[in-house]
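What follows is one structure encoded as structure tokens, with my remarks underneath.
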Amino acid sequence: FCRALCSTPLPPQLIKHPGKELTLRSLAEMGFSETQAEMVYDGAKKHRCKHDAPILVGLFALDLNPTSVVKILEKCPELYAVKGSQLQQRITNLRKLGLHEGSLQRVISHYPQILTLPVKRVSAVSRLLREKCQFTTQQVTDVLRDSPHVVQEEHTRLEYMFQYAFFRMGCLQAEMVKAKLFRLSMEELQCRHGFLERRGLYQTPDKKGQTLILNPRLKDFLLISEETYLSKIAMATQEEFDVFRKLMAREQEEERKQEHGDDDD
Amino acid sequence: TKWAGSRPKVPATDLALQHFDATYGLQLGDLWPSVRIGMLSEKKYGALLNNFASDSDIVSSFHSQGCRDFISAARSTESQDPELHDHTAAPLSSNIQCFVFPRGDVSRFKPARPDSNGLLSYYLLDAASVLPALALDVQPGHSVLDLCAGPGGKTLALLQAQAVRFLWANDLSGSRTARLRRTLQSYLPRELLTEDRVYITSSDGRQWRNKDEHKFDKVLVDVPCTTDRHSLTEEDNNIFKRSRTKERQRLPLLQMELLLAGIQATRPGGDVLYSTCSLSQLQNQCVVEQAVSVAQKEMDITVKVQNLSSFVQLFSHTFHFAPQPAVGELVLPHLCANFGPIYMCKLQRIS
Ligand SMILES: C[S@@+](CC[C@H](N)C(=O)[O-])C[C@H]1O[C@@H](n2cnc3c(N)ncnc32)[C@H](O)[C@@H]1O
């Protein structure tokens, strides 16, 4: 159980003084600068974490340096309150999901909130991606690595996004992973796709997977800046896209209202 | 939806889109994607002000919502630019006012409400469909024929100029003339709707050839067409349904016959305005060119195509016009100014 945490040696100060009360001094001994130590100290206090914050042990055990640790805690002060045992379980679970050295640190630095979520919740998302959306285990790992915030998304939203890309746009799972699909909001996906589609530059493949035109690849129009998207792919002006965005938002708003409002249909 | 069971495998709206991709892709080239997305997205309306209603607050209410009358806006550009002043085709002297939201603004108008006399204060329509009425340039005392008038948007615009002495509004379809009549009743005081001022009939416009007794100063021939925007969005009454293929293919012929009838109903020196709400060259320029030549050869009537380019230039802030078709002018749909398509061509009868 402890293997994960102990795989990297703890800084000597932490080993020497287990359970020692957190002080500016002990923080300085861990390698924090004076200002960093003050920030961590205040943060810990605010979150009523009197003894050695387990999160510090955990993060140092991942070989993260004091500066990264401070950044992570600034992004997500809730981590001060996470118990040691929970933290260990959560990190172990992320490793089980395929996030190994390097990826694990990246995910935690980018999206520290992932350590505040129960193991169950994170696993449920990974199950959803595997079972309902039929991503392979490796693909699920890639999704978690590229867009860790999926663990906090509503399942219906994730599934809808997948279905939109799969059925409406005719994309395969591998393309979705390459395009880092889940980094986008549903609205943005629909705008970029719908804009191309209505301009006649994207077609939903028929039952045999065929289209009359050559569709651009998903990553080629999602993984680029809006400016490049407009000039290279959509060949349209910013003004047109801005208006389209407004119209799409309203169309969707009205669809939602119809679904909830009318019961005749 | 009710009709789900009997719905054909390929919806007519899809057939229309396939057809347009093939023909307009060629015709419009690089412009087609922008036009296409315009037609597939929500269109913009204009509010044609009812000069006969007495809601005095309506103009200031429009202004406070941020919309403006695109016609008077154009008139003020005209007075600033002497080069534009000298256009004989259609001086902008009319009382017609049509309010629109600015470019890129997608706000909508509320439905009009009746004034104290029960008359509605404005009529919502494609703002570009006011252009044919403006281009026709009705002057005080003129008699006007509106050959295909139902449901009446352009008729109403013509009457807003407050210049028409006598207007004959015709449409083949009885239900459409009934709708036209109801529309006029909600916008015009009863004393202006007597038969000696506004006369409404339901007959085949092609038969006008035989009615030689009436000659009009101005004739509007707003023909049935593929109504491109409608065909892309509505399954109901869609002319791209397979069962209506023949009817659709015969449209250019019907259009030409209607235009010829309109030409015959015009007095020498008078004007005919031909219009459609389609982008199709076949239904626009080709029909006009054919009709002009048939009128000459078979009826010994000379008509001259009027140049509307300076007129059109005035409105280029509000509408996207196609780069010079051979004859006539064409408003292209565009997301930022999503009006049209409207094609119009003005002809003067010489002899
Ligand atoms: C484009 S719509 C006219 C719209 C109208 N001008 C307006 O602005 O509201 C064409 C009309 O032509 C009518 N029509 C079709 N065939 C006709 C014919 N042979 N003679 C007269 N009208 C005809 C249709 O009933 C339809 O109302």
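Lettering follows sequence order; numbering is per chain, from 1.
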Does [X] [atom1] have over 12 foreign heavy atoms under 6.0 Å away?
X        : atom1 : result
A/Ile213 : CD1   : yes
A/Glu253 : CD    : yes
B/His63  : NE2   : yes
A/Lys132 : NZ    : no
A/Lys246 : NZ    : yes
B/Arg242 : CZ    : no

A/Phe241, part contacting chain B, at a heavy-atom distance under 4.5 Å: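 Looking at A/Phe241, nothing touches chain B.
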
From [X] [atom1] over to [Y] [atom2], what is the distance, rounded to the nearest 0.5 angstrom?
X        : Y        : atom1 : atom2 : answer
B/Ile37  : A/Glu197 : CD1   : CD    : 9.5 Å
B/His334 : A/Glu239 : NE2   : CD    : 7.0 Å
B/Ser41  : A/Glu240 : OG    : CD    : 10.0 Å

Side chain to side chain contact (heavy atoms under 4.5 Å, CB included) for B/Asn338 and A/Val243? Distances and angles first, verdict last. CA-CA 10 Å; B/Asn338 209 353; A/Val243 172; over 6 Å; no

Practice task
For residues B/Leu335 and A/Leu247, determine if any side-chain heavy atom of one lies less than 4.5 Å from a side-chain heavy atom of the other.
Solution key: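 Yes, at least one pair of side-chain atoms sits under 4.5 Å.
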
Heavy-atom pair of closest approach, residues B/Arg36 and A/Arg198: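 What the structure gives for the nearest pair is NH1-O, 2.9 Å.
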
- Do A/Arg250 side-chain atoms and B/Val106 backbone N/O form a donor-acceptor pair below 3.5 Å?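 Judged by distance alone, yes, a pair lies under 3.5 Å.
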
